[in-house]
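One structure is given below, encoded as structure tokens.
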Protein chains: 4
Amino acid sequence: MFVQRFKSEGISHISYFIGQGAEAAVVDPSRDIDAYLDLAQRTERSIRTVLETHRNEDYVSGSQELAAATGAKVYHGGQVPFRFGNEIKDGQELNVGNLRIKAVHTPGHTDESFSYALYDPTSGDHPVMLFCGDALFVGEVGRTDFYGKEHRERLANALYHSLHERIVPLGDSTIICPAHGSGSICGTSIGEREDSTIGMERLTNHALRMSKEEFIASKLAEDMEIAPLMRRMEKSNLEGPKVLGHLPTPKPLSAKEMKHAIAKGCYLLDARQPYSFAGAHIPGAINLWLESIPIYAGFIIPPDRQIVTVVDTPGHLDRLVRYLVRLGYDEVVGYLRVGMDLWAKQGMEIATMRGITAKELNGRHKAGEDLVLIDVRDARERHSGTIPGSKQIHLGQLASSMDEIPKKKPLVTFCGGGYRGSTAASILVRHGYSDVYNLQGGFAAWSAGGFPVER
Amino acid sequence: MFVQRFKSEGISHISYFIGQGAEAAVVDPSRDIDAYLDLAQRTERSIRTVLETHRNEDYVSGSQELAAATGAKVYHGGQVPFRFGNEIKDGQELNVGNLRIKAVHTPGHTDESFSYALYDPTSGDHPVMLFCGDALFVGEVGRTDFYGKEHRERLANALYHSLHERIVPLGDSTIICPAHGSGSICGTSIGEREDSTIGMERLTNHALRMSKEEFIASKLAEDMEIAPLMRRMEKSNLEGPKVLGHLPTPKPLSAKEMKHAIAKGCYLLDARQPYSFAGAHIPGAINLWLESIPIYAGFIIPPDRQIVTVVDTPGHLDRLVRYLVRLGYDEVVGYLRVGMDLWAKQGMEIATMRGITAKELNGRHKAGEDLVLIDVRDARERHSGTIPGSKQIHLGQLASSMDEIPKKKPLVTFCGGGYRGSTAASILVRHGYSDVYNLQGGFAAWSAGGFPVER
Amino acid sequence: MFVQRFKSEGISHISYFIGQGAEAAVVDPSRDIDAYLDLAQRTERSIRTVLETHRNEDYVSGSQELAAATGAKVYHGGQVPFRFGNEIKDGQELNVGNLRIKAVHTPGHTDESFSYALYDPTSGDHPVMLFCGDALFVGEVGRTDFYGKEHRERLANALYHSLHERIVPLGDSTIICPAHGSGSICGTSIGEREDSTIGMERLTNHALRMSKEEFIASKLAEDMEIAPLMRRMEKSNLEGPKVLGHLPTPKPLSAKEMKHAIAKGCYLLDARQPYSFAGAHIPGAINLWLESIPIYAGFIIPPDRQIVTVVDTPGHLDRLVRYLVRLGYDEVVGYLRVGMDLWAKQGMEIATMRGITAKELNGRHKAGEDLVLIDVRDARERHSGTIPGSKQIHLGQLASSMDEIPKKKPLVTFCGGGYRGSTAASILVRHGYSDVYNLQGGFAAWSAGGFPVER
Amino acid sequence: MFVQRFKSEGISHISYFIGQGAEAAVVDPSRDIDAYLDLAQRTERSIRTVLETHRNEDYVSGSQELAAATGAKVYHGGQVPFRFGNEIKDGQELNVGNLRIKAVHTPGHTDESFSYALYDPTSGDHPVMLFCGDALFVGEVGRTDFYGKEHRERLANALYHSLHERIVPLGDSTIICPAHGSGSICGTSIGEREDSTIGMERLTNHALRMSKEEFIASKLAEDMEIAPLMRRMEKSNLEGPKVLGHLPTPKPLSAKEMKHAIAKGCYLLDARQPYSFAGAHIPGAINLWLESIPIYAGFIIPPDRQIVTVVDTPGHLDRLVRYLVRLGYDEVVGYLRVGMDLWAKQGMEIATMRGITAKELNGRHKAGEDLVLIDVRDARERHSGTIPGSKQIHLGQLASSMDEIPKKKPLVTFCGGGYRGSTAASILVRHGYSDVYNLQGGFAAWSAGGFPVER
């Protein structure tokens with residue numbers, strides 16, 4: 001029995017490769033399938049089966065891609081009308097070599113959510129592992145708000161039932177393999193630890209220790225964002241995403257070619273660190289730091305645009321392409337060859353972005369300056385404290401909230417550590433604001449500096 | 001919380017790297033410590049702590065090496081008089097970043113055996129993982145025979161107590177991290193699966209489901225080999241193994257230099273596949289297939305000899321050096337440059353080894369030929385069936401059992417799959433026998449071919 | 001100016017990547033184009049141009065493949081009717097960034113042979129390098145026998161003219177970049193050294209130091225083999241080889257699946273070292289050592305067959321696929337999972353191949369045994385000495401020379417070092433001979449052993 | 001014959017590995033010798049010989065290090081009193097396998113400069129390659145100013161003689177292998193191309209086409225910088241540099257530990273891109289972009305200081321350590337764990353550096369602002385044009401030229417492309433200046449923008 005975890009950074013999506021003998025299965029593959037194929041080749045196995053725990057919302061499924069490359073059969077629940085793959089039924093069993101996989105219907109996050117219990121020849125009736133999708137996470141359970149308000153209570157009920165009647169009875173000793181880890185937007189506060197068991201969750205997971213009433217109340221009270229792109233991904237995952245065959249390969253562009261591409265309407269994404277972006281960037285660029293892309297691109301980058309990009313670290317272009325393809329942005333057409341260095345040297349126009357330190361900000365504040373502070377974090381982050389007088393606009397809503405932002409005053413954006421603040425500042429500049437600052441180190445720096453915090 | 005498993009192939013020794021924040025600990029490091037150092041560097045952590053579950057018998061501890069390279073503190077039980085490191089007490093706690101590690105004295109395999117329970121900030125009183133050394137394995141428990149017959153009952157008693165009074169009470173939901181996996185000689189039949197929990201073992205591990213009396217009886221009945229080298233390694237691990245600084249780098253030898261090295265008394269180890277060895281080898285070579293070295297070298301290769309070797313695959317020399325260094329064979333001084341190809345072309349003497357297929361063997365047998373069949377597997381393997389009329393001599397005893405082997409008859413060696421059979425055949429030839437065959441595919445081929453099996 | 005050499009092992013074909021600024025060109029690409037694409041990506045360049053020095057005979061051109069992947073323009077001489085690409089004219093110039101490439105018509109090896117002279121901005125009228133295809137090699141010049149006897153004199157004349165009137169006048173100081181290195185069948189005796197200049201060749205190359213009459217006489221006297229496959233490759237390279245899109249990925253086969261594939265008519269290629277093959281192989285397999293494939297597959301493996309294979313070293317499968325694809329064998333459909341180990345253990349039928357050492361051979365010879373010795377080397381190798389009484393049949397002709405080989409006598413095959421001898425022995429066994437030996441270490445071992453040599 | 005080039009980036013030092021059969025030699029090794037050892041291991045060769053072309057000034061020799069690791073013998077000229085290694089004489093011959101290396105005394109750059117001519121068995125009296133150290137480069141010849149003014153004429157004379165009487169007579173067809181490539185400070189304007197021959201240089205190298213008088217005059221007129229560190233390196237290379245055994249491994253430091261290290265007197269080197277540095281850095285840091293270190297560290301970083309650093313790209317720390325060790329900075333003791341991100345979040349003090357675009361600069365200039373422009377390039381760069389009104393202070397002299405820089409005016413630093421400008425700006429800030437700007441894209445951006453240029 002061989003189980004390997006694959007983690008999609010940022011969205012913290014986890015997929016699993018299960019191998020035994022000459023066979024393998026993959027649970028919830030991401031769309032850049034080369035890692036599964038490589039592992040299959042290295043371990044001399046054929047991928048015969050792809051298991052989907054549910055129709056995902058936060059990434060484009062790689063099931064079609066993997067099926068096209070290997071001939072594997074795709075399985076998912078039949079409670080929503082998938083246009084591809086095969087329906088799996090509650091209790092149905094499949095084999096991977098001498099391993100047995102049993103499908104367990106665990107609705108709640110979605111109606112067609114399935115968990116998969118894995119048994120090996122020595123484990124008897126006790127599953128070794130449970131691939132539990134978005135039903136149960138380490139320290140958290142799945143969201144129940146994707147179907148809209150009118151369905152929340154029903155789904156919360158269903159999830160409670162799935163957790164307590166279907167999962168917990170499998171036994172304390174089963175290792176859990178959820179579809180997401182810490183940082184995912186699919187659970188409010190998934191734990192940082194990656195290893196857990198049903199028993200560990202039963203004992204320590206806040207959501208499993210509530211009464212049914214408490215549980216439902218807490219789920220109804222949840223307030224999380226849904227990126228516009230998620231609706232598209234849901235749809236795509238229902239219909240069967242387009243098969244790419246291979247990852248897109250953006251072309252190296254000269255400064256001139258880059259300028260031309262922007263003029264033609266390409267979306268200009270600067271994926272460098274905020275500090276680098278602050279130092280120099282192409283005017284009009286949106287700064288979305290590479291590691292923020294998996295979570296925030298869906299809020300910021302419009303679908304169906306050709307994308308050109310600026311990166312400054314070997315290997316980042318490859319990761320950027322993967323991150324974007326996982327979200328369904330398939331057209332990354334070019335990147336600036338040799339980076340801002342070339343651009344600057346060729347005399348092209350350069351913009352900078354002003355940073356402000358917590359100390360300076362506090363000083364100017366104290367001096368009575370009328371600064372507008374925009375907190376672009378989400379509501380939960382803000383609950384743990386913010387800068388007095390700041391206004392909250394979630395990063396994803398910023399572009400559509402320009403009315404709320406005064407035109408003539410100095411603006412200071414901030415987030416937790418300075419990354420989203422830079423994105424926000426770049427969006428404001430793009431919308432014509434000029435007196436914009438990003439708080440360096442974000443709220444972390446502010447509070448570490450001992451400046452006043454409002455809760 | 002970041003935990004990574006490192007597996008020493010062959011001996012199936014498992015060590016663990018535990019990291020959190022800027023700190024790391026390593027449990028039971030092997031002597032080729034580069035992998036731990038690389039991971040520490042990559043994850044920007046400092047290794048501060050080395051935990052030994054016990055004084056190991058089947059590999060030379062890397063604790064001294066790692067401490068020398070990093071300044072880490074080494075901990076182990078004080079029940080035997082270690083000449084290095086620090087004593088840890090039952091119940092004592094250590095930290096790795098925000099993780100808490102608690103020492104649990106679990107004697108039985110040895111007197112100073114300790115397990116280490118790992119807690120993270122969210123796990124409350126329930127350990128997430130238990131690093132349980134040679135107390136508990138997946139599907140098996142530790143050996144209790146290393147101290148000799150007179151101690152077996154006492155140790156079996158102690159182990160029973162450790163398992164049932166100290167480990168099981170930690171709870172079903174704790175993931176176990178034993179010091180060995182499948183294939184190790186430190187447990188009779190460790191399971192192939194790598195993932196398990198205390199609960200899973202409680203429910204399915206044969207040794208945990210016995211009464212105390214049954215357990216002790218079963219431990220007394222155990223009959224496993226102890227490689228001569230193990231005693232040396234125990235001693236070395238008590239005194240603190242020599243710090244190497246870096247892995248030995250054997251020199252590429254010309255055919256002439258190789259001949260000279262052999263003449264000077266170097267031990268000639270041919271680590272190629274038996275098929276290649278059969279096809280052509282340097283006369284007098286002992287064929288110990290690379291992957292057999294971790295388990296069988298300790299029976300076969302005398303200590304303190306300089307070793308020269310023949311390999312034929314890129315990367316194998318590096319692995320051979322690691323395997324040998326883990327066992328305390330530090331002097332791998334040379335290898336045949338460009339392999340047997342060069343040797344053959346230079347007109348050096350070549351030997352071949354005859355293989356025999358199951359079909360041929362059966363034919364000659366049936367035809368009434370007086371072949372001596374030597375089964376070099378261990379007793380347990382033989383219990384599951386053997387070739388009728390064969391004589392069992394464990395591979396490790398072969399060299400000292402020459403009296404039992406008739407001088408004039410054709411000899412056929414066999415093992416499970418053909419590897420140890422080749423080792424045995426090469427030993428026989430080295431001792432002057434000439435009419436020697438290795439059964440190709442070993443007993444597996446014999447039984448797969450449908451030939452008669454004796455149980 | 002950036003020039004990188006790529007060497008296709010075995011056929012010793014050399015292709016070149018020329019880069020400057022954002023642009024690149026490739027000279028004579030092989031069909032596994034990933035290396036060029038990787039380098040282009042790493043150096044942030046676009047491949048705009050593919051230059052063919054001539055319609056190659058010993059590998060399938062990768063020009064079409066590379067053009068399909070990059071949009072590059074392909075150029076070659078118009079003296080033969082290529083069905084793809086663009087005609088280049090003598091004296092025509094192309095640019096790669098600030099580099100200048102000038103086409104120089106250098107017929108002789110073929111009518112449409114072109115060399116390409118490379119200038120950089122500082123080199124004035126003196127080409128830095130000359131990509132001279134099969135016109136001039138290090139220590140040798142191109143063959144003139146591919147068009148058949150009636151054309152040899154004309155071509156030798158043309159080549160003499162190209163060398164002396166077109167290449168030598170470019171100047172002593174130009175570095176030469178030929179299409180082949182040592183070991184290629186495109187030149188009788190290309191030097192081992194890889195670096196040379198026109199001047200160095202003018203001074204030391206035997207073929208450049210002859211008078212015209214001597215040169216033509218020597219070319220007419222040349223006697224080299226032409227693999228049957230070469231005619232197919234010439235045709236394919238004229239018409240434009242099929243575009244693959246990516247390299248074939250053979251499937252891991254179980255022993256059963258392998259047996260089935262062979263039964264269905266797949267060609268069974270054992271690409272392991274002769275020693276391993278001798279030790280155990282699947283009955284009926286042809287042993288063509290991995291590194292022999294580029295040169296000898298074209299003589300041995302029939303076109304249009306599906307191929308299954310046995311390899312035993314990580315990485316060898318990938319190389320095997322590349323070697324075969326370069327020759328136009330596109331259907332490598334499967335390989336034996338876990339190698340002969342699995343096959344043997346599953347009780348499948350196993351064959352061995354007998355080796356004989358030079359000493360044994362000499363002994364049996366002296367003892368008067370009537371052994372038939374078959375020297376499978378080519379005529380030139382044989383000129384430097386052979387075993388007395390041996391019969392020469394070039395490896396490529398062996399399969400069609402069965403009439404010449406006595407049915408009842410023991411046969412000993414030999415080559416230079418033991419590799420082709422094993423191929424020959426496997427072919428003989430495949431044709432029903434049973435008393436067959438391969439001379440270990442080949443003629444090298446024989447002569448190094450001091451046994452009698454006939455010249 | 002196998003020759004591989006190794007390039008030390010930045011200083012553009014080139015070393016060479018020469019292999020044949022089982023032996024190898026290395027010419028002018030750098031101090032991070034792992035690459036030579038790896039190649040020797042991979043090609044199964046033993047490094048027996050180390051050849052030094054001269055006592056180098058721009059890097060610390062790796063000869064001692066390599067000799068210590070391999071037992072190789074080191075050779076260099078006896079004209080200076082080396083305290084290690086062996087003297088080589090003009091005309092002396094050594095072998096590497098079947099290759100012949102002949103020492104040719106070619107003084108001029110230094111008195112003990114030697115070139116090494118490489119012959120293979122087929123090259124007769126014509127060397128295939130010449131390892132010509134700092135005598136002859138592609139498009140340039142060596143400096144003659146290291147011994148001071150009073151020796152320049154004598155050395156120029158000697159170099160002229162070496163070039164015309166010793167090197168050119170070896171023949172046009174010999175490939176040259178100099179010790180430096182483009183960008184080195186050991187030649188005024190070494191060509192970008194890497195491949196050349198004696199003939200190519202004879203025909204196109206400006207220094208070889210002068211009369212003796214012109215040559216000497218031109219050498220006397222040369223005006224190049226000598227980094228203070230070079231004198232130390234010369235001394236060290238004479239005495240035999242300290243053997244390190246392995247590369248230093250800087251520790252990951254927390255923000256607090258970093259602060260402490262700086263307080264204790266460590267030198268704070270920020271090796272990130274100027275844009276990143278501009279965005280945020282630790283107050284007091286000197287910004288020396290990674291790729292500038294090989295050339296400029298010797299001017300900027302005082303010897304014998306412990307160094308702590310900030311990098312932001314995986315792999316850069318390793319390169320930084322190599323670059324510094326090559327220059328004799330052996331104590332790189334720590335680096336900021338997780339980079340500026342961590343620093344900022346922990347509320348530590350942050351500084352930014354202002355950039356200015358060419359357009360802004362021109363605007364402020366035109367508007368009559370009294371800006372002080374400091375051109376930190378060298379004299380030769382400045383000759384090709386500069387910004388009107390700027391003052392030249394070579395980057396290496398800046399720290400000792402504070403008197404020349406007005407205290408109260410806004411300062412703008414610039415270089416060719418923006419990197420050294422940032423170093424200069426960081427030095428000015430370190431010396432207490434506050435109104436400092438770095439011109440983004442440097443003079444390249446200025447001139448590409450079409451702004452006025454003074455020549």
(message) Could you go through S276(A) and S276(D), starting from their C-alpha distance and side-chain angles, then the distance that decides it, and tell me whether this counts as side-chain hydrogen bond (donor to acceptor under 3.5 Å, both in side chains)?
(response) CA-CA 4 Å; S276(A) 308; S276(D) 308; 2.6 Å; yes
Proximal component of [X], with respect to chain A [non-hydrogen, under 4.5 Å]:
X	value
F277(D)	neither
E360(D)	neither
N438(D)	neither

(request) Kindly determine whether R272(D) and T313(D) satisfy side-chain hydrogen bond (donor to acceptor under 3.5 Å, both in side chains), including the steps that lead there. (result) CA-CA 8 Å; R272(D) 296 175 303 147; T313(D) 300; over 6 Å; no
(request) Using a strict cut-off of less than 4.0 Å between a Lys/Arg side-chain nitrogen and an Asp/Glu carboxylate oxygen, indicate whether E9(A) and R326(A) qualify as a salt bridge. (result)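 R326(A) and E9(A): salt-bridged.
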(request) Decide, yes or no, whether a salt bridge links D318(A) with R322(A) under the criterion of side-chain N to carboxylate O below 4.0 Å. (result)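 Yes, this pair counts.
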(message) Heavy-atom pairs under 4.5 Å with chain A: which of G442(D), G417(D), G418(D), A278(D) has the most?
(response)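 Going by pairs under 4.5 Å, I would pick G417(D).
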Are [X] and [Y] close enough that some pair of their side-chain heavy atoms sits under 4.5 Å apart?
X	Y	result
D435(D)	R354(D)	yes
I300(D)	I286(D)	yes
H394(A)	F299(A)	yes

(message) Does any backbone or side-chain atom of K345(A) lie under 4.5 Å from a heavy atom of chain D? Answer side chain, backbone, both or neither.
(response)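 Both parts, backbone and side chain.
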(message) Are there over 12 heavy-atom neighbours, none belonging to R430(A), within less than 6.0 Å of that residue's CZ?
(response)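 It does not: R430(A) CZ has 12 such atoms or fewer within range.
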(message) At under 4.5 Å between heavy atoms, what parts of residues 445-455 of chain A are in contact with chain D? List them by residue number.
(response)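 A445(A), A448(A), G449(A) fall under the 4.5 Å cut-off.
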